[in-house]
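Here is the structure we will look at, set down as structure tokens.
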Amino acid sequence: MNFESELKKGKLIIPECNHCNKIVWPPSEFCNQCFNEVSWRTGSSKGKIIEFSKQNDNYFGLIEIENSIRVLGKISSGIPNLGQHVKIEKCGIKDGSYYFEFLLI
Amino acid sequence: MTKVGIASYGITKFSKEDSKIESVLLNSVKKLFDSNSNLNRNDIDAVLVSTNNNSKYLSAVLSEMAGIEPKIAHTVESLCNSGTNAIVSAYSYIASGLADMVLVSGAERYDSPGQVLEWDNSRGEFKHPIFWASIFTKSYKREFSITDEELAIVPVKNHKQAQNNPNAISEKLYSLEDVINSKKLTDDLRLLDCSRPCTGGASILLASEKTCKNCTDNPIWITGIGQKTTSAGFTKNMTFSSMVSTQEAASTALKMSKRDAKDIDVAEVHDAFSVCEPMALESLGLSDKGKGLELINELYATNNLKINPRGGLIGSGHPLGATGLAQTIEITQQLQLCANKRQVDNAKVGLVHNMSAAATSSTVLVLEK
Ligand SMILES: [Zn+2]
């Protein structure tokens, strides 16, 4: 599986090292601890808000998924709070950049 | 191991000028030679260029334009702390004996490609530095119960101090109200909280102890170096209210120089955004946790120029590849007691703090007479 071709389809897949029992992030073919090849699986669509701010009327924030993957994304519903749970509404690649959009849950 | 000292330096005015990178480099090198008549081009063993510019082979190009035929010539790039990385490389060449005299020249154009780290996809579509700066600011304000109004003292102070720096881009004083009322970029960041990309160049000539003493009566020595890179991606930072790489770099540099933070008489710190100044002061050990702004307010109220006497990045402008060199030149002038209206009384020990990409990498230098 290829991370970017899946992300282009709107799917977040997660590289995991079965030797070290850890998620490898940013996504890579090889574990950054033991250099073994990673295996890929479907990731959780849920995360929590680590920090956030707002530009114009749009909230954006740092979201942590599965306690290890951290990304900046839009938070597109309501007023966020620290530690609040969110789910991925949309993700993909636009003009070469990843994008993530989250909804409060 | 030989001591390594600063034998000469040159700097251009920071501006929004549309100049070729090669001519920005050459301008500061010309000033470096103009300011010291004891220099011989044939003594220069290495030429290092610090820039994020996409032009290739710039060290060889600069060498040819400046009439130098060095043994070693290459570019050093590390986003915003390219300049101090190049100084550390020069130091290492001299300390190892591979070179005796090294010219380090940094330059950038206002439209530098180094402003955005395209690789860092963990930032999603929020790759511009204003977004990490907003997260840092929000986190710092929350952690220490700080307001936007309190943070506004940083640009007020640094623009004021820049008025005595003839090379600074800033030509205006700003009030706290000006900062608060400047364009809102995000809920946590205003336009005047930001340093500005600009065109500028700065060069330093480093040499071994003996050579340095032969060509200047007023050498300044690099006595401490500390560097730390914790990651490349912004989201790998585990705290957003302090700078881990800066803490580690400072502790290494102070240890090497056998100094303590309280020995520092004057410092240039990397105020890319308002919040970076108090955070840097705290991470460098120059103030207690959460007390950076108290120190800044106290210095401002007493007209004490100890922190960012040239106006820092916010007041001087931020030509990425030249910034670390410009900071080092300021501390050199302070220790030589030739900083004119910016002079900090009796400055004996100085510090430079230069960092990259949301504090994922930091360099700290200690300089002494
Ligand atoms: Zn592994």
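Order of the sequence lines fixes the chain letters, A, B, ..., with proteins taken first and strands second; residue numbering starts at 1 for each chain.
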Search all heavy atoms of [X] against all heavy atoms of [Y] and return the closest pair with its distance.
X      : Y      : value
A:R70  : B:S122 : O-CB, 3.6 Å
A:G96  : B:K127 : O-NZ, 4.3 Å
A:S97  : B:G124 : CB-O, 4.0 Å
B:N121 : A:Y98  : OD1-N, 3.1 Å

Q | Separation of A:L62 CG from B:R123 CZ (nearest 0.5 Å) | A |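 CG of A:L62 is found 11.5 Å from CZ of B:R123.
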(Q) Is B:F126 in contact with chain A via its backbone, its side chain, both, or neither, using a 4.5 Å heavy-atom distance? (A)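 Contact with chain A is through both the backbone and side chain of B:F126.
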Does [X] have more than 12 heavy atoms from other residues, nucleotides or ligands lying within 6.0 Å of its [atom1]?
X      : atom1 : value
A:K87  : NZ    : no
A:E66  : CD    : yes
B:K16  : NZ    : yes
A:K22  : NZ    : yes
B:K141 : NZ    : yes

Q) Please walk me through it: do A:V71 and B:T235 pass side-chain contact (heavy atoms from CB on, under 4.5 Å)? A) CA-CA 6 Å; A:V71 295; B:T235 60; 5.7 Å; no
Contact class of [X] relative to chain B, heavy atoms under 4.5 angstrom:
X     : answer
A:L82 : side chain
A:K94 : side chain
A:F52 : both

Q) Hey, are A:K54 and B:T186 close enough side-chain-wise for a donor-acceptor pair under 3.5 Å? A)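 Side chains of B:T186 and A:K54: no pair found under 3.5 Å.
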Q. How about B:I135 and A:L72: do any of their side-chain heavy atoms sit closer than 4.5 Å?
A.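 A side-chain contact under 4.5 Å exists here.
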Q. According to the interplanar angle, ranging from 0 to 90°, do the rings of B:F131 and A:F60 count as parallel (below 30°), tilted (30 to 60°) or perpendicular (above 60°)?
A.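 Perpendicular.
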Q.
Which residue is it: B:D187, B:I130, B:L185? I am looking for the one with a side chain to side chain contact (heavy atoms under 4.5 Å, CB included) to A:Q55.
A.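 Between A:Q55 and the candidates, side chain to side chain contact (heavy atoms under 4.5 Å, CB included) is satisfied uniquely by B:I130.
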Q. Does any N or O in the side chain of B:K236 come within less than 3.5 Å of the main-chain N or O of A:W25, such that one atom is a donor and the other an acceptor?
A.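 Pair found, side chain donor or acceptor close to backbone of A:W25.
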